[in-house]
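The chains referred to below are lettered A, B, ... by the order of the sequence lines, with proteins before strands, and numbering in each begins at 1. Note that this is a predicted model, so its numbers are computed, not measured.
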Amino acid sequence: MRPRKKTFFSIAFARNLTVSSRQNSKSNPKFPSSSPTPSPPGLNHLKRDHAKLLRSGEILDTIAAGKLISDIAFSGAANLGYARSLFAWIQSPLNTFMWNSLIRGYAHGDDPREAISLYRQMLANGYLPNNYTFPFILKACTRINDPRVGLGVHGTLIRHGFEDFDPFIQTSLVNFYASCGSIEVAQKLFDRSPQRDVTSWNALIKAYIGCCRFSDAIRVFRLMQDRSNARADEITMLGVVSACAHLGALDMGKWVHAYVDRSRMRLTRNLGTALINMYARCGEIESASFLFREMKDKDIRTWSVMIGGFALNGLANEALDLFSEMQSAGVKPDSVTLTGVLSACSHAGLVQEGMKLFDEMRDLFLVEPTIEHYGCVVDLLGRAGELEEALALIKRMSLKPDVMLWGALLVACRVHKNVEIGEMVAKEMLVLDSQNAGAHVFLSNVYAATGKWDLVEQVRSLMKEQKIRKPPGSSSIELDGVVHEFLSGDTSHPQSDQIYRMLNEIRRRAGLIGHRPATGGVPFDIDEEDKEVCITQHSEKLALAFGLLNTEEGTVIRIVKNLRICEDCHSVMQLVSEVFDRIVVVRDRNRFHHFKNGSCSCRNYW
DNA sequence: ATAGGGTTAG
């Protein structure tokens with residue numbers, strides 16, 4: 001704003017602004033509008049409107065003043081202080097619309113708690129909330145980490161008679177309950193919603209994704225197709241594609257891709273990116289790459305997803321090449337991109353490249369290393385056997401190590417069978433999280449492997465006492481669009497007898513060419529999974545047998561596992577790929593293993 | 001005069 005154009009009122013108000021706005025409180029208190037920091041976008045225009053209303057006297061008109069407050073409050077979080085001081089200045093009676101406008105602004109801003117405090121003031125001052133108030137305030141409630149406030153708001157809206165008739169409020173409630181983990185309540189409220197349009201369905205799909213119930217998210221999508229007139233839109237598809245990606249459900253994912261084409265939905269940048277991610281997370285890296293090349297406008301996410309996809313599939317060189325290409329294209333890598341590149345290095349054992357990137361992050365890419373980046377590097381060093389170096393890195397970093405970071409080192413200690421560091425790391429983890437199942441299982445396995453049976457008993461009884469259970473190994477495999485899930489030692493599947501017969505057959509044929517199980521007699525055995533279930537019944541083996549039983553010869557068998565694949569399963573998969581002449585693709589917690597002709601794409605480095 | 005749903009990560 002040029003100084004000459006300033007009106008008396010805008011200057012007067014700009015002063016007022018410095019009192020209430022945190023942003024400007026550090027700049028020159030006398031002439032904030034001439035301070036070198038640029039005004040938030042649109043502020044000058046709003047100040048002009050404000051000045052005009054003051055000159056004409058229209059500021060006394062409730063509707064005009066309300067509109068101005070609303071415009072300012074929603075013009076960006078930085079202007080909220082301005083809106084609030086105008087609100088405080090208003091002489092004419094306030095109204096619900098003005099309160100709503102401010103609450104909306106704060107609900108979407110940096111400090112949603114302030115929306116709640118305004119809402120309370122509103123009620124305390126005798127203003128009645130209306131149907132618009134509740135979506136705003138519930139938005140704020142989903143963003144703070146305290147369900148009690150939202151529960152209270154729900155109570156208030158019931159008292160005011162707003163429950164079960166307004167679809168906007170109903171959807172806001174679905175989001176709120178989903179945000180605090182009450183998916184059942186969210187589902188019930190959805191069921192009671194009077195009209196379910198595409199937004200209501202999208203909210204429910206997102207609710208299931210939020211609690212990792214991906215199959216249910218897809219089930220909801222199917223219900224939406226079959227039982228409602230709501231037409232899926234781009235946001236629906238983003239959710240469904242994401243669910244397929246998490247599940248590794250390739251057939252479903254392909255179907256969704258075809259659906260997008262068939263319904264002539266535009267393949268937007270977001271949807272394209274989501275589909276690339278889906279293909280990459282289903283192990284179809286060629287399809288991912290093809291789609292990536294097809295896409296005209298890519299953003300940082302598109303690049304990051306593709307780089308991360310190569311990393312996940314163990315294609316480190318492709319990831320690094322694409323990283324260079326991205327920079328040549330003038331796209332600045334962000335924190336997520338670097339996570340992808342570092343994990344590519346870690347999966348391929350490219351220690352020097354990875355360390356170089358890590359050292360350059362701050363200065364060259366202007367990305368401050370986060371605990372996630374440290375996680376990649378600990379993984380990189382640890383997997384390469386440089387456990388001391390990884391430990392030293394954790395010790396000298398300025399961030400406080402979390403359980404995940406120690407966990408990365410623990411995994412490396414297990415792989416390299418390092419008891420000393422491993423024991424120390426497990427104990428560090430238990431300090432941060434005394435209930436951590438992984439650390440307990442590690443210790444118990446270490447003590448068992450080294451014959452310290454009294455200590456084994458101690459850990460075991462402690463776990464039993466505190467009801468600490470490691471999540472069981474689980475593998476899923478998709479057949480004709482249905483995802484079948486197997487737990488370790490599972491006998492609940494209708495085909496269970498056949499599956500176990502097939503497992504015997506696999507063992508017999510593997511034995512013929514010299515395979516011996518990688519445990520029992522092995523002196524040092526500290527796998528990720530509990531020893532309660534025999535490794536011959538690991539979930540990925542059950543899924544493999546199920547796949548062999550139910551698919552034609554030559555069909556690729558795709559398995560997704562929730563934990564890391566164990567050594568014995570890995571070698572069985574290799575053997576099956578040779579003996580049964582099948583391509584087997586396993587996505588474990590960490591990465592892909594593509595088995596073909598008796599060997600694995602990870603080259604036994606994982 | 002105002003409302004609800006958004007893809008990436010160890």
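Listed candidates were B:dG10, B:dG6, B:dT2. Nearest to the side chain of A:Leu238 is B:dG6. Among the nucleotides B:dG10, B:dG6, B:dG4, the one closest to the side chain of A:Thr171 is B:dG4. Of the candidate nucleotides B:dA9, B:dG4, B:dT2, B:dA9 has the atom lying nearest to any side-chain atom of A:Asn277. Candidate nucleotides B:dG4, B:dG10, B:dT2 were compared by shortest atom distance to the side chain of A:Tyr132, and B:dT2 ranks first. The side chain of A:Asp166 lies closest to B:dA3, out of B:dA3, B:dG5, B:dT8. Side-chain proximity of A:Ser343 to the nucleotides B:dG5, B:dT2, B:dG10 is greatest for B:dG10. Among the nucleotides B:dG10, B:dG5, B:dT8, the one closest to any side-chain atom of A:Met404 is B:dG10.
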What donor-acceptor contacts under 3.5 angstrom involve side-chain atoms of residues 391-411 of chain A, with partners at least two apart or in another chain?
unit_1	atom_1	unit_2	atom_2	d
A:Asp402	OD1	A:Met404	N	3.4
A:Asp402	OD1	A:Leu405	N	2.9

In residues 224-231 of chain A, what donor-acceptor pairs under 3.5 Å come from side-chain atoms, sequence neighbours left out?
unit_1	atom_1	unit_2	atom_2	d
A:Gln225	NE2	A:Tyr259	OH	3.3
A:Ser228	OG	A:Met224	O	2.9
A:Ser228	OG	A:Ala230	N	3.1

Can you give each donor-acceptor pair under 3.5 Å made by side-chain atoms of residues 95-105 of chain A, sequence neighbours left out, with the distance rounded to 0.1 Å?
unit_1	atom_1	unit_2	atom_2	d
A:Asn95	OD1	A:Phe97	N	3.2
A:Asn95	OD1	A:Met98	N	2.9
A:Thr96	OG1	A:Leu128	O	3.0
A:Asn100	OD1	A:Thr133	OG1	2.8
A:Asn100	ND2	A:Asn130	OD1	3.1
A:Ser101	OG	A:Phe97	O	2.8
A:Arg104	NH2	A:Ser70	OG	3.3

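Residues satisfying the ring-ring contact (aromatic ring centres under 6.0 Å, His included) test with A:Phe162, not counting sequence neighbours, are A:Phe134. With sequence neighbours excluded, no residue forms a salt bridge (charged side-chain N to carboxylate O under 4.0 Å, His left out) with A:Glu234. In terms of the side chain to side chain donor-acceptor pair (under 3.5 Å) criterion, A:Ser601 has no residue partners (sequence neighbours excluded). Not counting sequence neighbours, the partners of A:Tyr279 by the ring-ring contact (aromatic ring centres under 6.0 Å, His included) test are A:His257. Partners of A:Arg383 according to the salt bridge (charged side-chain N to carboxylate O under 4.0 Å, His left out) rule, which considers only residues two or more places apart in sequence or in another chain, are A:Asp379.
An OP1 or OP2 oxygen of B:dG6 is reached within less than 4.0 angstrom by a side-chain nitrogen or oxygen of A:Lys206. For A:His246, no side-chain nitrogen or oxygen approaches OP1 or OP2 of B:dA9 to under 4.0 Å. Residue A:Ser242 places at least one side-chain N or O under 4.0 Å from the OP1 or OP2 atom of B:dT8. A close approach under 4.0 Å does not occur between any side-chain nitrogen or oxygen of A:Lys67 and OP1 or OP2 of B:dT2. Remark: A:Arg589 is not in phosphate contact with B:dG10, judged by side-chain N or O atoms under 4.0 Å from OP1 or OP2.
If you measure from atom CG of A:Leu267 to atom P of B:dG6, you get 20 Å, rounded to the nearest angstrom. Spacing between atom OH of A:Tyr374 and atom P of B:dA9 amounts to 23 Å, rounded to whole angstrom units. Summarising the geometry, the separation between CD1 on A:Ile307 and C1' on B:dG10 is reported as 16 Å, rounded to the nearest angstrom. Between the OH atom of A:Tyr177 and the P atom of B:dG4 there is a distance of 19 Å, rounded to whole Å. For A:Met361 and B:dG10, the CE to C1' distance is 13 Å, given to the nearest whole Å. Taking atom NE2 of residue A:His347 and atom P of nucleotide B:dA9, one finds them 13 Å apart after rounding to whole Å. Rounded to a whole Å, the CG atom of A:Leu291 is 15 Å from the P atom of B:dT8. Remark: P of B:dT2 and CG of A:Leu102 are 16 Å apart, rounded to the nearest angstrom.
At the heavy-atom level, A:Val336 lies under 4.0 Å from base atoms of the strands shown. Note on A:Asn100: a base of the nucleic acid sits closer than 4.0 angstrom, heavy atoms only. Using a 4.0 Å heavy-atom cutoff across all strands shown, A:Ser346 reaches no nucleic acid atom at all. At the heavy-atom level, A:Ser172 lies under 4.0 Å from the strands shown only through sugar-phosphate atoms. Residue A:Glu234 is in base contact, counting any heavy-atom pair closer than 4.0 Å across all strands shown. Using a 4.0 Å heavy-atom cutoff across all strands shown, A:Arg281 reaches sugar-phosphate atoms only and no base atom. At the heavy-atom level, A:His108 lies under 4.0 Å from the strands shown only through sugar-phosphate atoms. A:Ile371 comes within 4.0 angstrom of a nucleotide base, judged by non-hydrogen atoms across all strands.
Contacts between residues 150-159 of chain A and DNA chain B, counted as heavy-atom distances below 4.0 Å, involve no residue at all. Of the residues in residues 187-198 of chain A, those with a non-hydrogen atom less than 4.0 angstrom from any atom of DNA chain B are A:Asp197, A:Val198. Residues of residues 213-232 of chain A that place a heavy atom closer than 4.0 Å to DNA chain B do not occur.
The CG atom of A:Leu189 lies 11.0 Å from the CG atom of A:Asn175; values are rounded to the nearest 0.5 Å.
A:Asn125 places a side-chain N or O within donor-acceptor distance of the main-chain N or O of A:Gln121, the cut-off being under 3.5 Å.
Side chains of A:Tyr605 and A:His347: a donor-acceptor N/O pair is absent below 3.5 angstrom, by distance only.
Between A:Phe292 and A:Trp303, the ring centre distance stays below 6.0 Å.
Residue pairs meeting the ring-ring contact (aromatic ring centres under 6.0 Å, His included) criterion with at least one partner in residues 165-187 of chain A, sequence neighbours excluded, are A:His154-A:Tyr177.
The minimum heavy-atom distance between A:Cys602 and A:His593, with the atom names listed, is SG-ND1, 3.5 Å.
Put simply, the side chain of A:Thr339 and the base of B:dG10 share no donor and acceptor less than 3.5 Å apart. With hydrogens and angles ignored, no donor-acceptor pair under 3.5 angstrom links the side chain of A:Asn202 to the base of B:dG6.
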